[in-house]
Amino acid sequence: MSQKKRYFLEEDEIPRNWYNIQADMPVKPMPPLNPQTREPMKAEDLYPIFARECCDQELNMTDRWIPIPDEVREMYKYYRSTPLVRAYGLEKALGTSAHIYFKNESVSPMGSHKLNSAIPQAYYCKKEGVKNVTTETGAGQWGASLSYAASLFGLEAAVYQVKISYEQKPYRRSIMQTFGAQVTPSPSMSTRAGKNILTANPNSQGSLGTAISEAVELARTTPDCKYALGSVLSHVTLHQTVIGLEAEKQMEMAGEYPDIVIACFGGGSNFGGISFPFMRHKIAAENGKSHTRFVAAEPASCPKLTKGKFCYDFGDEAGYTPLLPMFSLGHKFQPANIHAGGLRYHGAGVIVSQLLKDGLMEAVDIDQIESFEAGCLFARAEGIIPAPESCHAIAATIREVRKLKEGEEKVILFNLSGHGLVDMASYDKYLSGDLINYTVTDEEIEANLAKQQ
Ligand SMILES: *Cc1c(COP(=O)(O)O)cnc(C)c1O
């Protein structure tokens with residue numbers, strides 16, 4: 001009997017709208033605050049930093065569906081729909097009767113889901129006459145995606161890359177440069193934020209928080225320049241809902257509906273992207289009657305959802321961003337240098353933070369050795385080497401499978417956020433037994449949160 005392995009949508013079935021869960025949330029997220037006055041901020045207050053359209057989307061609490069511009073949809077067609085894949089190989093390797101599906105976002109030109117938001121962000125900048133975009137990047141996935149998207153719309157891109165990644169991941173830098181971006185290791189002497197950090201600590205290896213500070217400063221001080229962010233903010237997650245909206249139709253083609261939806265968690269964009277379209281049915285169901293569970297998998301070394309505190313905190317280390325209501329480890333938190341660079345961020349998006357608080361989703365933390373074990377098992381079973389970030393989703397999936405009773409047929413859907421072919425140095429470390437686990441104690445987290453006042 002032939003069993004269907006992959007489900008695709010025709011080009012004209014690619015979603016025409018993104019799903020804005022803010023319109024449906026039982027409790028809306030609290031507003032961002034101006035750090036000086038602690039007054040709620042309006043979309044206009046964010047216009048100097050981000051594309052106007054993105055600012056409006058960020059605080060849009062009323063429109064459930066937000067149209068995907070035709071120009072963006074045209075570029076989505078270069079790689080969408082992405083396949084929904086039934087993981088027969090993984091099911092067999094685990095000896096489970098669960099039905100495991102994954103949405104394969106690794107097939108995008110840049111190898112991860114990040115392009116889904118880079119394209120609209122670059123497009124909105126272009127539309128309002130902006131000439132330059134700037135951003136930060138860790139492992140380089142976001143920087144590569146924005147560099148490519150900028151080149152599509154004839155914009156110049158300036159990327160601050162966390163110094164340790166700039167040195168350890170030279171190929172992502174080459175990818176950005178191939179698309180014409182200017183890449184600077186952060187902290188750098190080119191901004192006040194960078195200079196301050198280097199003066200205090202000349203050996204600083206950088207962090208995402210520092211790189212954000214540098215990029216935001218550049219956007220504020222350069223004419224016709226906007227900043228773009230690859231995760232955390234609500235408009236980024238909005239763009240990523242194209243993942244879940246496609247998956248919803250594809251699961252229908254497979255004649256199934258997920259009992260559990262799982263994704264790895266850095267700032268929440270791929271998690272929200274795959275989850276929110278399914279969560280809308282849970283919210284709409286009477287008394288939240290739908291049984292579907294949503295599980296975010298974060299690294300044990302950066303456990304903002306499982307061990308952080310819900311509070312107003314800055315999105316960056318220097319304190320340039322608005323104050324955001326989120327689960328956070330404190331904006332001064334310096335995560336251990338794990339290989340899943342995309343998950344090393346101190347906070348969680350405001351939507352996800354509110355949903356977690358309201359019990360609509362769950363979170364688990366996973367250490368890096370368990371994540372790579374899961375990644376290698378998946379690679380051998382399905383022939384795709386997952387990004388170190390995505391390995392966390394796979395590990396969480398395996399944990400769920402292990403909890404099932406013999407013969408139980410749960411349907412599990414996880415997001416494969418990216419492939420790991422540019423991250424083989426990390427796999428080398430794992431395979432040679434050189435990886436260690438990092439965990440954070442409650443005392444360390446308390447100390448970090450105390451530092452921020
Ligand atoms: C950036 C990244 C992540 C984490 O970001 P989210 O906003 O939490 O999705 C996960 N996987 C990959 C491959 C990434 O590049």
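For ligands, and for the atoms within them, numbers begin at 1 and follow the listed sequence. Model, not experiment: these values are computed from the prediction.
Taking the side chain as every heavy atom from C-beta outward, Thr439 and Ser301 never approach each other to under 4.5 Å. The side-chain heavy atoms of Val133 and Glu156, taken from C-beta on, include no pair separated by under 4.5 Å. Using a 4.5 Å heavy-atom cutoff, the side chains of Thr397 and Phe102 are not in contact.
A search for side-chain hydrogen bond (donor to acceptor under 3.5 Å, both in side chains) contacts involving Asp358 returns Gln354, not counting sequence neighbours. Residues satisfying the ring-ring contact (aromatic ring centres under 6.0 Å, His included) criterion with Phe153, sequence neighbours excluded, are Tyr123. Taking the ring-ring contact (aromatic ring centres under 6.0 Å, His included) definition, one finds that Tyr257 meets it with Phe278, sequence neighbours left out.
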If you look at each N/O of ligand 1, which protein N/O atoms lie under 3.5 Å away, and at what distance?
{"from": "ligand 1", "atom 1": "7 (O)", "to": "Ser231", "atom 2": "OG", "distance (Å)": "2.5"}
{"from": "ligand 1", "atom 1": "7 (O)", "to": "Ser269", "atom 2": "N", "distance (Å)": "2.9"}
{"from": "ligand 1", "atom 1": "7 (O)", "to": "Ser269", "atom 2": "OG", "distance (Å)": "2.7"}
{"from": "ligand 1", "atom 1": "8 (O)", "to": "Gly266", "atom 2": "N", "distance (Å)": "2.6"}
{"from": "ligand 1", "atom 1": "8 (O)", "to": "Gly267", "atom 2": "N", "distance (Å)": "2.9"}
{"from": "ligand 1", "atom 1": "8 (O)", "to": "Gly268", "atom 2": "N", "distance (Å)": "2.9"}
{"from": "ligand 1", "atom 1": "9 (O)", "to": "His113", "atom 2": "NE2", "distance (Å)": "3.2"}
{"from": "ligand 1", "atom 1": "9 (O)", "to": "Ser269", "atom 2": "OG", "distance (Å)": "3.3"}
{"from": "ligand 1", "atom 1": "9 (O)", "to": "Asn270", "atom 2": "N", "distance (Å)": "2.8"}
{"from": "ligand 1", "atom 1": "9 (O)", "to": "Asn270", "atom 2": "ND2", "distance (Å)": "2.7"}
{"from": "ligand 1", "atom 1": "11 (N)", "to": "Ser417", "atom 2": "OG", "distance (Å)": "2.7"}
{"from": "ligand 1", "atom 1": "15 (O)", "to": "Lys114", "atom 2": "NZ", "distance (Å)": "2.6"}

